[in-house]
Amino acid sequence: MALQKLPLVGLLLLLTTVVSPARADGPVCPPTTKLSRASFPEGFLFGTATAAYQVEGAVNETCRGPALWDIYCKRYPARCNNDNGDVAVDFFHRYKEDIQLMKSLNTDAFRLSIAWTRIFPHGTKEKGVSRAGVQFYHDVIDELLRNGIIPFVTVFHWDTPQDLEDEYGGFLSERIVKDFREYADFVFQEYGGKVKNWITFNEPWVFAHAGYDVGRKAPGRCSSYVNPQCQDGRSGYEAYLVTHNLLNAHAEAYEAFRQCEKCKGGKVGLAHSPAWFEPHDLADSQDGASIKRAMDFILGWHLEPTMYGDYPQTMKDIVGQRLPTFTTAQKAKLRNSADFVGINYYTSTFSNHIEKPDPSKPRWKQDSLIDWENKNAQDYTIGSKPFTAALPVYSRGFRSLLKYIKDKYGNPEIMIMENGYGEELGATDSIAVGTADHNRKYYLQRHLLAMQEAICIDKVNVTGYFVWSLLDNFEWQDGYKNRFGLYYVDFKNNLTRYEKESGKFYKDFLSQGVRPSAIKKDEL
Ligand SMILES: *[C@@H]1O[C@H](CO)[C@@H](O)[C@H](O)[C@H]1NC(C)=O
Ligand SMILES: *[C@@H]1O[C@H](CO)[C@@H](O)[C@H](O)[C@H]1NC(C)=O
Ligand SMILES: *[C@@H]1O[C@H](CO)[C@@H](O)[C@H](O)[C@H]1NC(C)=O
């Protein structure tokens, strides 16, 4: 290896004295003939992911306070498929059994989120801390570590305490910044000695866009010209405001993390959720050019402030006065406030340049001057879409996205915080049909290969990969009808878990090659 590297090192020294050769060289991939764990660089982590509201249930235990989604699903049952997270898949009581499932898959890591409402049931420390709630996450984390599984913890996965919603509108108010910092600081101090990988916010784009621009997710706000179900809200304004407060909250949390003694050696980032885009009409140069703009709006919006301290210029130019501005002090706190780029990737779409935006009906998508199209100008769908698939399957978009991030943002460390396949089985839903999930297996295979190519051919620095999800769970507006698990959950019979074909595939994939369990905790 060292010998092979020498000519390249020499060349790089000629070209530049700034870039370190080891980094520019890219990840080292072992030669393999078949796709398995062994096809990835040493130390690469594989895991599964979940989120508190989607799996825990036990909403009345540990003095847990009401969360945004508890109230939303009760107020608007149809907007949660008449389901709710009261019981979910009862991870709260079954986490020990579920950790055995993770172990049997040979996974190295597990991504969970902390429910804010279990720590500060009413949103602030002053209103009380639930010691039982704090203890629950200690128990889960300790059980993971005992089983050799590295915890990755999300601080906020959409479950705003309802008390803060009622008091000041949650993320619509800048008051959230101080309260979020207090909460993040509390969990860092509490768990930072044993948890070294943190995600402050999950999918800020979805949280802001679905929650405050199209009203598809809690709190379900938007203008009625966007979605007649919305009873309140203002599209084209609130999503920008919510993002602004969220980013300032992130920067404050990052500062608290850096000041936390026992957190030393840890990493903090966000989990972004960009789609990838292909031009709607290859013959239309405006569609080609729109891809860059689409990426600025869906990814740069939240990523660039944490790198450079400000929004992408494209957004400032188009959104104008509706886009809030950061103060000099806020910019300074935001700059370099993420240690890695977390990415959740699911699907891609076609980008069609908008000819005539309607300024009287502002909304995020229109601001990007793009229509999202399921079919291109030649009437082809992107990738493939099996009958029961929730979203089109396009693994090439995954590789393109990773290469795009590497090239555009200076080769940052990237972790795939979620990737997975949702399936709506409808009337055919049964244990037999649900566990025979070859489409999910195929999806994972294709995306693992696309990621391997991104790492080994395009030299993108990806260091970890989490499948969404370990188990079927509460899928927000789709309730329990959209299944994402490697394990099937029988919602009709005591929430029994059954391994799916995809689970068996992931297990086999991970059994070949060396588990990076030899890596010491303080090296992570
Ligand atoms: C990838 O990122 C990690 C973390 O920043 C760094 O330690 C490593 O050297 C990088 N690898 C490459 C090949 O650039
Ligand atoms: C939780 O408590 C509330 C208020 O007492 C009650 O209405 C609700 O049914 C309880 N939910 C569960 C799942 O026990
Ligand atoms: C339901 O499942 C739980 C967890 O595996 C188990 O402890 C319990 O005995 C089961 N209950 C019934 C009625 O089978």
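Both counts, for ligands and for their atoms, begin at 1 and track the order of listing. Just the heavy atoms: all of them, side chains too, but no hydrogens, waters or symmetry mates, feed the values below.
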For [atom], is the nearest protein heavy atom under 4.0 Å away?
{"atom": "atom 9 (O) of ligand 3", "value": "no"}
{"atom": "atom 14 (O) of ligand 2", "value": "yes"}
{"atom": "atom 2 (O) of ligand 3", "value": "yes"}

Could you say whether the N/O atoms of Asn461 and ligand 1 ever approach to under 3.5 Å?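 Yes.
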
Just jot down the ligand 1 atoms closer than 4.0 angstrom to any heavy atom of Gly26, in number order.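 Near Gly26, the atoms of ligand 1 are 13 (C).
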
What is the ring orientation for His250 with Tyr254, classed by angle as parallel under 30°, tilted 30 to 60°, or perpendicular over 60°? tilted

For Asn60 and ligand 2, does the shortest N/O to N/O distance drop below 3.5 Å? yes

Option passing side chain to side chain contact (heavy atoms under 4.5 Å, CB included) with Lys441 (candidates Lys504, Glu501, Lys500):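 Going through the options one by one, the only one that passes is Glu501.
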
Taking the side chain as every heavy atom from C-beta outward, state whether Tyr311 and Trp301 have any atom pair closer than 4.5 Å. yes

Atom 4 (C) of ligand 3 [closest protein heavy-atom partner, distance rounded to 0.1 Å]: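 Its nearest protein heavy-atom neighbour is Glu97 OE2, 3.4 Å.
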
Going by the order shown, which atoms of ligand 3 are within less than 4.0 Å of some heavy atom of Asn494? 1 (C), 2 (O), 3 (C), 8 (C), 10 (C), 11 (N), 12 (C), 14 (O)

Give a yes or no on whether the backbone of [Y] and the side-chain of [X] come within a donor-acceptor separation of less than 3.5 Å.
{"X": "Arg64", "Y": "Phe120", "result": "no"}
{"X": "Tyr465", "Y": "Leu45", "result": "no"}
{"X": "Arg440", "Y": "Leu486", "result": "no"}

